[in-house]
Every structure is written in structure tokens, then in C-alpha cells.
Amino acid sequence: MQLHLDRKVARRIGWRGFLPSNKGNFSWSTRLANSDLVYGIVFMGEEHDDQAIASAFDLYAFPVEDEIKSQMPESMQTLYEKDGHIQKIRALSEHFPELQEFKVGSMGIAFRLDKAGLNLSFHTYKRDLRFEGRTMRPARVLMPLFAALVHSFQTSLEAAPLLQALKSRELPSTNDFFIEADFGSTVFEDDETGTGSYALPNPPLSYKPDEVDMSDKPLIHVLCGFLGSGKTTFLQNWLNFLHTRERFTGVLQNEFGEIDLDTALIGDETCVEALNDGCVCCSLADSLRPGILRLIQNTPADQMILETTGLANPDNVVHSLEELGDICKIGLVVSVADAPNLIEHPEYLIEKLRLAQLNRADVIVISKADLVSSEKIDKLARELHDMNQKALIILSANGDANFAVLDHFFNHWIDKKYGMFTSRKHTPGTDTMLLNNAGFAMRGNASLFETCALKFSEPVELERIEPIIRNSGRKILRAKGIVDVLGKGCCEVQYTDGMLTVSQAREDLQACERWLTIIGKGLKPQTGATTIRKSRCL
């Protein structure tokens with residue numbers, strides 16, 4: 001765990017997530033770069049004498065991808081169909097007795113009290129008899145975990161291991177598999193390497209780090225989409241997918257206005273950095289660089305997601321990140337497209353900003369797909385594919401999507417490393433002129449948007465909210481905030497494309513100040529409003 005906090009070392013070894021749990025037996029769940037499984041390690045006890053301490057652990061392997069789950073026996077599939085199985089894996093220390101079906105081996109760690117030697121051993125089976133007619137070799141399944149632990153001890157102890165696997169005739173059963181690594185002096189005095197073992201030069205299935213792993217720079221994905229398209233809801237579900245696979249992710253959220261509402265909505269395990277100084281493509285030095293550095297300091301996550309405002313041009317955001325190449329790498333550009341909005345207003349597909357967001361995307365998410373017919377969705381998907389043939393197109397309903405497909409696409413994408421970026425770098429031209437790390441020089445006819453925040457000291461009648469928003473300016477693009485509504489209590493207010501949604505606020509949001517942020521053009525000062533701020537966005 002101590003090594004895992006050094007992200008560069010952890011990535012080089014192959015660790016991708018490490019979550020401790022200690023409400024029952026001490027336990028850990030972990031992900032590795034070269035395995036599609038979540039591994040579980042459960043402490044089962046220890047013995048000691050005046051020479052050494054020996055600890056015993058049970059080892060678990062949990063499939064997380066559908067194609068792997070389909071290979072499981074019916075009894076194991078039943079466990080996965082129950083609600084809350086992911087939460088049980090994450091709280092393994094409490095729930096390991098009910099997850100015995102997924103136990104695939106055991107581990108021993110013994111060390112001399114004089115600190116002169118340590119022994120790491122794995123015992124499992126060559127084949128799992130439960131998987132009749134299927135491929136399931138626990139020895140192979142556990143080797144990435146064994147290799148990662150060997151390399152971790154090697155790094156920590158600064159000592160090369162002596163590796164050996166016992167031959168079948170030395171084991172109780174021909175189906176048994178036993179492998180161990182000795183560091184330093186022999187832990188057990190009667191242990192000697194003999195003819196009953198194979199010497200190994202390296203741990204089997206060791207992870208081979210690539211350029212990305214050797215870098216101490218996190219990968220930053222760009223999440224964009226026009227105002228009200230459903231970016232934050234999609235982000236919440238994407239983060240849940242990543243976190244249940246122990247791939248913890250930092251978030252940079254670009255807010256317009258003074259309320260970090262979207263930041264509050266993410267919550268829980270995610271480390272969130274709010275950038276509320278305007279559009280990131282216009283405020284590089286003031287927000288983006290310090291925000292990334294704070295996230296790097298506060299979380300060992302190997303990737304981050306930058307959620308832009310709905311008014312950001314992703315081409316400019318990518319260009320900004322290229323200027324920050326000394327502290328980060330650029331990941332996927334994911335653009336969220338509002339299905340009902342684009343179907344009702346097909347002219348939006350050629351509107352400059354929306355067009356830029358769709359054309360620049362590596363992944364296009366068609367959001368709110370449950371609100372329109374499948375025929376219309378298919379037609380929209382074809383139109384988007386014709387516009388951007390390189391992008392992966394996935395559907396989203398209530399923010400949820402087939403994230404396994406997105407993950408599979410990303411794995412192939414990242415395997416190409418960064419050769420593709422050479423041809424995709426934004427070249428400053430008539431649109432923008434790069435000055436320096438302070439940001440961009442804006443054209444005189446660049447789009448100019450305004451923001452202000454209305455503060456409510458008393459509860460507001462429900463029927464007054466929409467007129468307040470509509471009367472705030474010549475063209476209102478978006479409004480969002482937390483407001484006390486008469487008869488309803490603390491509510492979350494969302495206004496997009498002329499549609500008002502008022503819903504009960506979560507309990508943790510009730511501590512937020514009562515503000516309503518408004519984004520638009522030609523805003524009018526109102527009582528209780530902050531100064532109107534003007535922000536350009538190309």
C-alpha cells in the first residue's frame with residue numbers, strides 16, 4: 001500500500017487500484033493492468049515463534065466483464081445477479097464468507113524477526129473443477145497478482161528474489177500449484193532448494209510497463225457537450241464504473257458562476273477540483289494548471305476527467321492541455337449529444353459550437369436515448385457517424401451506458417500510445433493565436449456569454465422560478481442551482497432549452513447556499529444578483 005501511493009512506481013509494477021477494507025478481517029481489493037479481474041486478499045491469521053512470523057491470506061478473483069462472467073458456473077452467476085454484489089466486493093472484509101465461490105487460492109507471507117529475510121508463497125490449483133467445459137486455470141489467473149507483489153517487495157526491500165515452483169511429484173496432488181519467492185536469508189532453517197523445484201528467472205506474467213506507465217503524468221480525458229446535455233449525470237455513472245473496478249479517477253469540473261453545484265453532485269470517493277473562473281479554454285493559467293497540480297498532489301489516480309462547460313470548444317481545450325504537457329497527457333475527448341434536443345432541432349447539428357464538439361470527439365455519447373423512439377435514435381446515430389466516422393458512438397439512458405464498450409475502445413486506443421496525436425494537434429490559425437501559458441487571444445467576433453448568480457434569502461414560490469429565469473436576460477441558455485421552494489423544501493433547479501426541472505435536493509446538498517446560476521446573453525441586473533461576468537468562448 002505504501003508503494004501504491006507512489007503512482008509512478010505503482011504504474012510501472014502494474015497496480016491500477018488498491019482499496020483496503022477493515023470492518024472484519026483485514027482485506028484488500030485490487031486491479032492490475034494486465035488482468036480483467038478484481039483480486040481480493042483476505043487476512044486469515046498468523047503464527048509466530050522466536051525466529052519468524054508467518055501470515056496466511058485467502059485469495060479471491062472476481063470477474064467484472066460480461067464475457068468472463070458468462071463462463072462462471074450457475075451458482076457463481078447467481079451471486080452476481082444479486083443487488084449490491086459490487087459493494088460486497090468493495091467491502092470484502094465484511095462479506096468474504098458469502099463470496100467463498102470466488103476463492104481461488106491462498107497466500108503466505110513469512111519474515112524473520114531479525115529482518116534478514118522474507119518469503120512470499122502462493123498455493124492454488126492448475127485447473128478449477130467447477131468450470132467444467134470452460135477454461136479456468138487458477139494458477140494462471142493468480143500469476144499477475146503474484147508478479148506484482150514480488151516486484152513490490154523487490155522495490156521496497158531493494159533485494160532480488162529467488163523464485164521457484166515446486167514440481168508436481170513434490171505436491172500432494174497433480175492439480176496443485178505452489179510458487180514462492182525468497183528475499184534475503186532463508187526464513188525457515190530447514191528450507192533448501194532441491195531437485196523438487198524449478199528455478200525461475202522472473203515471476204510469470206510480470207507486467208511490462210510502456211511509455212505511459214513510466215511517465216509520472218496523469219492521463220486527462222476531456223468530457224464536453226452543450227449546456228444541459230447530461231454531462232454530469234453521465235460522469236457520475238462513468239466514475240461509478242471505474243471505481244467499482246478500483247480505478248480511482250480525479251475530476252476537474254469547469255463551472256460557470258459561483259456555485260459548484262456539479263462538484264457537489266459528484267461527491268463520495270472522487271477527488272474533485274472545481275474551476276469556476278470561466279471557460280477552461282480561456283483561463284489556462286488561472287485555473288487549469290493549478291487545478292491539475294492540486295489533483296496530482298491529493299490523489300494517486302492515474303487518470304482524470306476534465307468536465308468542461310457546455311460552451312467550451314474541445315479543440316481549444318485539447319490545445320490548452322498540450323501546453324501543459326509537462327504535467328499531464330491527453331486522453332479521450334468524449335462529447336455528450338442530447339438526443340431529444342438534436343432530433344427536435346436538426347439545425348443544431350450544423351451550429352458552430354455543437355459541430356466542433358461532435359467533430360473533435362473520440363467518443364460520442366447519445367444521451368437521453370430513453371426519451372425518443374429507437375427509429376429516431378438510429379437515424380441520429382447514422383447522422384453522427386457520417387459527421388465523425390472515427391468516433392465510437394454509444395447510447396446513454398439516465399446517464400447510464402455500456403461502459404464496458406467504452407473501456408474496450410479506450411484500451412485499444414491507448415495501445416496506440418500517442419502516435420495519433422501528431423496528426424491531431426490543433427494548429428493555431430485564424431480562430432485563435434496562442435500567446436503563452438496565460439491563454440488565448442480572442443477574436444473580436446468570438447462568442448460572448450454572460451453569467452450571474454441570484455441569491456435567495458427566503459423560500460420562493462414554485463411558479464415564480466421560471467419567470468425569474470426567463471426575465472434575467474435577452475437569451476437564457478442555462479440555469480442551475482439550489483433553491484428553497486415553498487411547500488417543497490430544498491430543491492435542485494435545472495433549466496435547459498426552455499424546460500424547467502425542480503426536484504428534491506439530496507440531503508448532503510441542503511447545506512449549500514441558495515443560489516441560482518444563470519448563463520446567457522444580454523443578462524439584466526436583478527435584486528440579489530452578483531455582478532454580471534462576461535466570458536468569451538470560441
Side-chain angles (χ1 to χ4, degrees), residues 7 212 215-227 229-243 247-336 357 360-363 365 399 406 410 426 437-440 451 480 517 519 535 537:
R7 189 173 60 83
V212 179
S215 172
D216 58 356
K217 304 169 188 176
L219 197 72
I220 298 185
H221 304 298
V222 177
L223 178 62
C224 60
F226 204 72
L227 296 166
S229 60
K231 294 189 300 297
T232 301
T233 306
F234 175 80
L235 176 59
Q236 288 173 301
N237 285 277
W238 190 8
L239 289 170
N240 185 55
F241 172 85
L242 294 170
H243 289 174
R247 289 152 55 188
F248 298 106
T249 304
V251 172
L252 292 134
Q253 282 197 311
N254 189 199
E255 295 273 6
F256 258 125
E258 301 181 15
I259 314 172
D260 296 336
L261 175 60
D262 291 346
T263 301
L265 289 172
I266 295 298
D268 286 345
E269 299 168 319
T270 308
C271 187
V272 182
E273 185 70 35
L275 313 174
N276 54 10
D277 293 339
C279 176
V280 289
C281 65
C282 313
S283 58
L284 178 59
D286 294 337
S287 292
L288 195 49
R289 178 180 289 273
I292 293 173
L293 291 175
R294 284 192 293 269
L295 268 184
I296 292 174
Q297 181 178 1
N298 294 334
T299 176
D302 58 282
Q303 64 181 349
M304 301 176 187
I305 299 173
L306 167 59
E307 181 187 5
T308 68
T309 72
L311 304 174
N313 185 324
D315 205 35
N316 293 339
V317 177
V318 169
H319 195 187
S320 298
L321 291 174
E322 288 171 350
E323 286 298 303
L324 298 174
D326 58 316
I327 60 172
C328 68
K329 295 278 189 180
I330 304 171
L332 294 171
V333 175
V334 180
S335 182
V336 180
Q357 292 175 344
R360 186 59 182 80
D362 300 299
V363 178
V365 180
L406 173 57
F410 171 66
H426 173 80
N437 280 354
F440 295 92
T451 65
K480 57 183 178 178
T517 294
I519 306 171
S535 299
C537 187

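Quick note: residue numbers are just sequence positions, from 1.
- At least one side-chain heavy atom of Leu321 sits under 4.5 Å from a side-chain heavy atom of Ile292.
- Using a 4.5 Å heavy-atom threshold, the side chains of Leu332 and Leu406 count as touching.
- Using a 4.5 Å heavy-atom cutoff, the side chains of Trp238 and Val334 are in contact.
- Rounding to the nearest 0.5 angstrom, the gap separating the CD atom in Gln357 from the OG atom in Ser335 is 5.0 Å.
- Leu252 contributes atom CG, which lies 6.5 Å from atom CE of Met304 (distance to the nearest 0.5 angstrom).
- Annotation: side chain of Arg289 is in contact with side chain of Asp326 (closest heavy-atom distance under 4.5 Å).
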Go through the steps for Val317 and Arg360 under the test side-chain contact (heavy atoms from CB on, under 4.5 Å), then give the verdict.
CA-CA 11 Å; Val317 177; Arg360 186 59 182 80; over 6 Å; no
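- Counting only heavy atoms from C-beta outward, the side chains of Ile305 and Leu239 approach each other to under 4.5 Å.
- Side chains of Pro314 and Thr308 form no contact here, defined as non-hydrogen atoms less than 4.5 Å apart.
- Counting heavy atoms from C-beta outward, Thr249 and His221 have side chains that stay 4.5 Å or more apart.
- Of the possible donor and acceptor atoms, one in the side chain of Ser229 sits under 3.5 Å from a partner among the backbone N and O of Phe226.
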